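The structure under discussion appears below in the form of structure tokens.
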There are 2 protein chains.
Amino acid sequence: MTSTLGFAILAVLAKGARTGYDLTAAMSRPLGYFWTARHSQIHTDLQKLLADGLVRFEAEHGPGPQGKKVYHLTPEGRVALREWVTEPARARPERDELVLKTYASWLADPAEVAELFRDQLALHEERIAEYERQQAGFQTVPATGEPAFGSYATLWCGLSYERHRAAWCRWMIEQLGAGA
Amino acid sequence: MTSTLGFAILAVLAKGARTGYDLTAAMSRPLGYFWTARHSQIHTDLQKLLADGLVRFEAEHGPGPQGKKVYHLTPEGRVALREWVTEPARARPERDELVLKTYASWLADPAEVAELFRDQLALHEERIAEYERQQAGFQTVPATGEPAFGSYATLWCGLSYERHRAAWCRWMIEQLGAGA
DNA sequence: TGCCGCATGTAACGTGTTACATGATTCC
DNA sequence: GGAATCATGTAACACGTTACATGCGGCA
């Protein structure tokens, strides 16, 4: 059974052949802001995909003791990815440390908690600016059949998420100030 | 080193003494919508907290082969929790299967992808209704020093999140319809 | 020659899920 | 007497992170 990370790898490879190293770069922040992985995990998962016949590689002469392996999708890999896309997504349990801290925030000094939220707010505002810059790079919304549609749609989601989060931080800061 | 789950347990116990079973119920959906755990994990973590002197229990006669253990915070546990609250939250990597599917959605049939988002939208709308009902239960916003403030603030966050998510689903459905 | 970026891989550990295992109490 | 709920615990496995390990190619 292919793991979700496996499909994430296939999704990136669907846009073009890449080495494990390139995949790692693509799946690190800020590029891969919805599924991240370390190179160690990517390499081991590539070996599983290889065994399942979903990817293959061309060995190339390059740096490192083992040279360079440029992975690409097999037709089976492309089919598996396409079928996975429309299957219902398994809900992952929400685990949010900041929300948990909020739940216990009544125990702490409101001014110190507000400090925490001011830091978070600054972070979200930075990301909003970054995402807006990226969004401005698109002249129009790409059509649903174009590879760029995936990038645009995830960017829209990320931007919406950061705005929601920023609004929550502002509300918290306001509450914590008023209660002091 | 106390794990995040450990602090989640302390945060629930800060509101009153509970058994492992009660904690499991409190940390399952929909109550614990920001940190969930299974009973197996909670029991093993309680044993660590016990070893660290952050919780203690009163043995009571009750059901089960081992009877009943009602856990409560020790003064050290309360201090540890309060100190943890104002420490900066470690960012967990975002891992969102639906967003990943969206990234690869250009490969699939738009009508089938739209189906996926209609299902998701229905789910979010249900949660919004549920959270709004819970919010209506509060006459006023609790003061920051009251235990209820934590519940209200997390509810606010959850509601805001579900609305953002619903808006994204609606946008996706619109795009997928227009492109067909 | 020395450092940085490219490139691949393994091992140990921590966290979380699923399944296994047991048995008392309560209500019908 | 039987079933549902309350109640605690262990073991095997999956997933993810951190650290360990190696070494080529290009540039200064």
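Bear in mind the structure is a predicted one, so any value in this text is a computation, not a measurement. A note on names: the letters A, B, ... follow the listed sequences, proteins ahead of strands, and every chain is numbered from 1.
Between the CD atom of A:Q66 and the P atom of C:dC6 there is a distance of 18 Å, rounded to whole Å. Computed from coordinates, the B:R29 CZ to C:dG16 P distance equals 15 Å when rounded to whole Å. For the pair A:I42 CD1 and D:dC15 P, the interatomic distance rounds to 15 Å; values are reported in whole Å. The distance from atom CD of A:E58 to atom P of C:dT8 is 14 Å, rounded to the nearest whole Å. Here C:dT15 presents its P atom at 15 Å from CG of A:L100, a figure rounded to the nearest Å. Protein atom CD of A:E97 is 11 Å distant from nucleotide atom P of C:dG16, rounded to whole Å. The distance from atom CZ of B:R90 to atom C1' of D:dT17 is 12 Å, rounded to the nearest whole Å. For the pair B:E94 CD and D:dG16 P, the interatomic distance rounds to 14 Å; values are reported in whole Å.
Within the 4.0 angstrom heavy-atom criterion, no nucleotide atom of any strand lies near A:D45. A:T4 comes within 4.0 angstrom of no nucleic acid atom, judged by non-hydrogen atoms across all strands.
Set against D:dA11, C:dG9, D:dC6, the side chain of B:S40 has D:dA11 as its closest nucleotide. Of the candidates D:dT10, C:dT15, D:dG9, the closest approach to any side-chain atom of B:R92 belongs to C:dT15. For A:D22, the side-chain atoms get nearest to C:dA7 when compared with the rest of D:dT8, C:dG9, C:dA7. Nearest to the side chain of A:H61, among C:dT8, D:dG25, D:dG16, sits D:dG25. Across C:dT25, C:dT8, D:dG25, the shortest atom-to-atom separation from the side chain of A:T19 is found for C:dT8.
Heavy-atom distances to DNA chain D give each of B:T44 and B:P65 a nearest nucleotide, and the one nearer the 5′ end belongs to B:P65. Along DNA chain D, the nucleotide nearest to B:H43 and the one nearest to B:R95 differ in position, and the one closer to the 5' end is contacted by B:H43.
In this model, the phosphate group of C:dT17 is not approached by any side-chain N or O of B:H39 to a distance below 4.0 Å at OP1 or OP2. In this structure, B:Q41 reaches the C:dT17 phosphate: one of its side-chain N or O atoms is under 4.0 Å from OP1 or OP2. The side chain of B:K68 contributes no N or O atom lying less than 4.0 Å from OP1 or OP2 of C:dA24. Using a 4.0 Å cut-off, no side-chain N or O of B:R18 falls inside it from OP1 or OP2 of D:dA7.
To the nearest 0.5 Å, the span separating CD on B:E112 from CD on A:E87 amounts to 10.5 Å.
The distance between the ring centers of A:W84 and A:F7 falls below 6.0 angstrom. The six-membered or imidazole ring of B:W168 lies near that of B:F117, with a centre-to-centre distance under 6.0 Å.
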Salt bridge (Lys or Arg N to Asp or Glu O under 4.0 Å) assessment of A:R170 paired with A:E125: CA-CA 11 Å; A:R170 282 193 207 96; A:E125 280 174 342; 3.2 Å; yes
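Taking the six-membered ring for Trp and thresholds of 30 and 60 degrees, A:Y161 and A:H124 have ring planes more than 60 degrees apart, a perpendicular arrangement. Taking the six-membered ring for Trp and thresholds of 30 and 60 degrees, A:F138 and A:Y152 have ring planes more than 60 degrees apart, a perpendicular arrangement.
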